[in-house]
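One structure is given below, encoded as structure tokens.
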Amino acid sequence: MPDQTGTAKLSFAGKELELPMYSPSVGPDVIDIGKLYAQAGVFTHDPGFTSTSSCESAITFIDGEEGELLYRGYPIEQLAEKSHYLEVCFLLLYGHLPTAEEAEAFEFRVTRHTMVHEQLLKFFSGYRRDAHPMATMVGVVGALSAFYHDSLDINDPWQREVAAIRMIAKVPTITAMAYKYSIGQPFVYPKNSLDYAANFLHMCFAVPAEDYEVNPILARAMDRIFTLHADHEQNASTSTVRLAGSSGANPFACVAAGIACLWGPAHGGANQACLEMLKEIGTVDRIPEFIARAKDKDDPFRLMGFGHRVYKNFDPRAKVMKESADEVLGLLGIENNPTLQVAKELERIALEDSYFVDKKLYPNVDFYSGIILEAMGFPTSMFTPIFALSRTVGWISQWKEMLSDPNQKIGRPRQLYTGETRRDYIDVEDR
Ligand code: ACO
């Protein structure tokens, strides 16, 4: 913990309490309520953790008011432009940008772990052929724990390190396999002469019957999508990984838990839902109808790819993603793509509408990513698996950080119980 920087006073029911305060390197101060129950016999209540810091972390920082995202202090815009995904992985895991030698050694290690145990292939045939790739991923990533027993001892820093490298290397292979299985094509083995993003595209789109050359424009765009999704501090899936890991569960099972959480449409599933929504809108003249539905309290419809728990100004990832969509579609000669036209017009209209302006609802990272992924040839069902692949490094960096924290404890929230008080069992004939 950093040094105490202040004290908060709490008074209630005739009690006076002093609670320690800490200042982060940037961002709002925190009040430490860890001893509140022991000292005063009360809990705090914060469903959805809207005002609660759950851990100390030095990996990623978001300033939601300013629309800023920093990985280890470096702005996401600079990393998206100048860096590449594996360098970002190193940065997230170890805290600094690698030297040329460190980068080479890291890339060599990751590349040497891209294959999966041959027996793991059999897992896929247990799934129905039309299973959603996220369903297969939850199971198969969790199953890694049954194959790599030499990286399951979470108390051994070296084994934690090996598990991290394995995960970064093997999750793209599993994601591509999940895709191939869902379309009934044979699995394509990793090709280690290709870089990380190009290898993933090759595993997804190559077939044994033909030669396949990865388009460098698409590989660069893929790498940027990976970079933009690599980490996002204590979001729902990352908190899930931390919570699962806090009990001492093995890292592969923890990441499988993160994948499960990411799947929901309020989180990583929004990219699939967003593209489906843009297609359902179809033409710009139908936008007002959907805007009206999004504003209608009695209609559960929401503008997918809009709004964020933390960003209340703009999502810096969405800005980069929009530029990338323009660039990629332009280079592919499909800049008149109707979905992109609908997205741009929807964004323009929504950002002039007082409902969205007043509630500070802006496009998030998912608003434009689906358009690029579709242009690359991915079906919508692959959007969230690609997000999971990209976020694996964030999950595993946060998991490693948690386990090296001397203050780490099992996560165990309390509750505001509103159920029945004690009552006696009634025999069935008396009910
Ligand atoms: N469309 C219409 N109204 C919205 C939207 C939206 N996309 N998002 C929020 N609102 C409204 C809510 O109805 C609510 O209105 P009220 O105050 O009148 O009740 C208000 O804005 C605040 O919304 P909350 O749901 O309370 O905000 P929260 O921080 O809990 O939710 C979330 C954030 C889940 C991202 C939400 O904005 C949403 O559902 N967006 C659409 C799904 C999406 O794009 N998710 C991806 C998030 S980014 C990521 O995970 C990578």
Side-chain angles (χ1 to χ4, degrees), residues 46-52 60 62 64-65 67 69 71 76 80 134 224-241 258-281 287-322 324 343 346-347 349-373 380 382-395 398:
D46 182 18
F49 306 114
T50 52
S51 304
T52 299
T60 297
I62 303 171
E65 301 305 321
L69 168 62
Y71 291 168
I76 191 66
M134 281 300 272
R224 191 173 287 163
I225 288 179
F226 291 164
T227 297
L228 292 175
H229 288 88
D231 195 40
H232 214 225
E233 52 125 299
Q234 309 312 319
N235 57 82
S237 57
T238 302
S239 299
T240 301
V241 171
I259 295 172
C261 177
L262 187 78
W263 196 356
H267 192 10
N271 52 14
Q272 171 169 352
C274 180
L275 198 84
E276 286 166 358
M277 175 195 76
L278 294 173
K279 293 219 175 270
E280 195 191 342
I281 298 175
I287 292 173
E289 178 196 326
F290 283 81
I291 296 260
R293 283 187 61 196
K295 290 158 60 174
D296 182 354
K297 279 263 155 267
D298 299 324
D299 188 331
F301 174 79
R302 282 187 167 196
L303 271 196
M304 298 315 286
F306 250 77
H308 197 274
R309 169 61 63 77
V310 183
Y311 294 120
K312 299 298 172 197
N313 183 331
F314 65 93
D315 179 341
R317 304 167 302 171
K319 218 168 145 194
V320 180
M321 205 64 93
K322 184 180 183 181
S324 201
L346 178 62
E347 179 186 359
I349 296 176
L351 294 184
E352 282 176 359
D353 189 304
S354 59
Y355 173 92
F356 295 93
V357 175
D358 295 349
K359 292 185 191 300
K360 301 187 174 178
L361 300 169
Y362 294 85
N364 59 50
V365 67
D366 294 322
F367 196 67
Y368 285 102
S369 63
I371 293 167
I372 308 177
L373 292 171
T380 50
M382 276 303 286
F383 295 0
T384 318
I386 289 169
F387 189 163
L389 181 175
S390 323
R391 184 55 59 82
T392 296
V393 68
W395 291 330
Q398 302 264 352

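Here, residue 1 is the first one in the sequence, and each next residue gets the next number. When a ligand or atom number is given, it counts from 1 through the structure's own listing order. Quick caveat: nothing in here was measured; it's all calculated off a predicted structure.
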Report, in ascending order of atom number, the atoms of ligand 1 lying under 4.0 Å from any heavy atom of [X].
X	answer
Gly305	43 (C), 44 (O)
Tyr355	2 (C), 3 (N), 4 (C), 11 (C), 13 (O)
Val365	51 (C)
Phe387	51 (C)
Lys297	13 (O), 15 (O), 16 (P), 18 (O), 19 (O)

Nearest-option assignment for [atom], heavy atoms, candidates [options]:
atom	options	result
atom 46 (C) of ligand 1	Ala270, Pro265, Gly268, Ala294	Ala270
atom 8 (N) of ligand 1	Asp366, Asn364, Leu361	Leu361
atom 23 (O) of ligand 1	Met277, Arg391, Arg302, Lys359	Arg302
atom 42 (C) of ligand 1	Met304, Lys312, Lys360	Met304
atom 7 (N) of ligand 1	Leu303, Thr50, Asp296, Ile291	Leu303

| Taking the side chain as C-beta and beyond, is there a heavy-atom pair between Tyr355 and Leu361 under 4.5 Å? |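 Side chain of Tyr355 against side chain of Leu361, heavy atoms only: contact under 4.5 Å found.
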| Within a strict 4.5 Å, meaning less than it, do heavy atoms of the Met321 and Ile225 side chains meet? |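 When only atoms from C-beta onward are counted, Ile225 and Met321 do touch, with a gap below 4.5 Å.
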| message | Given Asn235, which partner from the list Arg391, Arg309, Gln398 fulfils the side-chain contact (heavy atoms from CB on, under 4.5 Å) test? | response | Arg391
| Do Thr60 and Asp231 get their side chains close enough for a donor-acceptor pair, meaning under 3.5 Å? | yes
| message | Taking the ring of Tyr362 and the ring of Tyr311, is the distance between their centroids below 6.0 Å? | response | no
